[in-house]
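All residue numbers in this chain count up from 1 along the given sequence.
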Amino acid sequence: VQLQASGGGLVQAGGSLRLSCAASGQTSGSYTMGWFRQGPGKEREFVAAIRWGGTSTYYADSVKGRFTISKDNAKNMVYLQMNSLKPEDTAVYYCATRGLRYYSESYNRDQSRYDYWGQGTLVTVSS
């Protein structure tokens with residue numbers, strides 16, 4: 001599976017961006033797609049996750065109500081709509097996917113359970 005994240009950029013606080021993650025290759029074994037981010041001087045953290053099948057979505061408390069994760073199964077695309085951006089949202093954003101073995105939502109935040117990662121896209125929010 002190859003993942004290609006895009007859509008990052010520079011935005012003012014309060015603005016919006018939409019990130020995209022294109023999945024290709026043997027995607028049939030992928031059941032959950034997640035977004036993570038790593039801010040300057042910080043550890044990488046969970047942002048949001050979505051099931052390829054069904055409509056279940058999951059969010060970190062820090063982004064709940066501001067970010068929306070969605071998907072287009074036909075295009076093998078996952079999106080992260082980010083609204084009301086704050087300077088603390090500045091980070092490199094990564095998409096990642098994990099398989100059926102770690103299906104439970106309890107694994108959403110466990111980066112070691114994700115099998116494939118995209119290269120990351122930088123989001124910078126100015127104050």
Quick one: does [X]'s side chain get under 4.5 Å of [Y]'s, heavy atoms only?
| X | Y | answer |
| --- | --- | --- |
| Met82 | Trp35 | no |
| Tyr103 | Arg51 | yes |
| Gln111 | Arg44 | yes |
| Leu19 | Thr121 | yes |
| Asn108 | Arg98 | yes |

- Assess the side chains of Arg113 and Tyr107: does a donor N or O sit below 3.5 Å from an acceptor N or O?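 Distance-only check fails for Arg113 and Tyr107.
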
Search all heavy atoms of [X] against all heavy atoms of [Y] and return the closest pair with its distance.
| X | Y | answer |
| --- | --- | --- |
| Ser127 | Pro87 | CB-CG, 3.8 Å |
| Asp72 | Tyr79 | CB-CE1, 4.1 Å |
| Gly7 | Leu17 | O-CD2, 3.9 Å |
| Val47 | Val63 | O-CG2, 3.5 Å |

- Item | Where at least one partner belongs to residues 83-96, residue pairs that pass side chain to side chain donor-acceptor pair (under 3.5 Å), sequence neighbours excluded |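 Qualifying pairs, neighbours excluded: Ser16-Asn83, Arg37-Asp89, Arg37-Tyr93, Arg66-Asp89, Gln81-Asn83.
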
For the pair [X] (side chain) and [Y] (backbone), establish whether a donor and an acceptor sit closer than 3.5 Å, ignoring hydrogens and angles.
| X | Y | answer |
| --- | --- | --- |
| Gln119 | Gln4 | no |
| Thr97 | Thr32 | yes |
| Glu105 | Tyr58 | no |

Is there a chain of hydrophobic side chains (I, L, V, M, F, W, Y, each step under 4.5 Å between heavy atoms) that links [X] to [Y]?
| X | Y | result |
| --- | --- | --- |
| Val1 | Ile50 | yes |
| Val78 | Tyr59 | yes |
| Trp117 | Val92 | yes |
| Met33 | Ile69 | yes |

- Where do Leu85 and Phe67 land on the side chain to side chain contact (heavy atoms under 4.5 Å, CB included) test, with the steps shown first? CA-CA 9 Å; Leu85 283 162; Phe67 291 11; 3.8 Å; yes

- How would you list, by chain and number, every residue that makes a side chain to side chain contact (heavy atoms under 4.5 Å, CB included) with Asn76, sequence neighbours excluded?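 If we apply the side chain to side chain contact (heavy atoms under 4.5 Å, CB included) test to Asn76, skipping adjacent residues, the hits are Ala23, Thr27.
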
- Item | Heavy atoms from other residues, nucleotides or ligands near NZ of Lys64 exceed 12 (cutoff 6.0 Å) |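 Atom NZ in Lys64 is crowded, with more than 12 foreign heavy atoms closer than 6.0 Å.
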
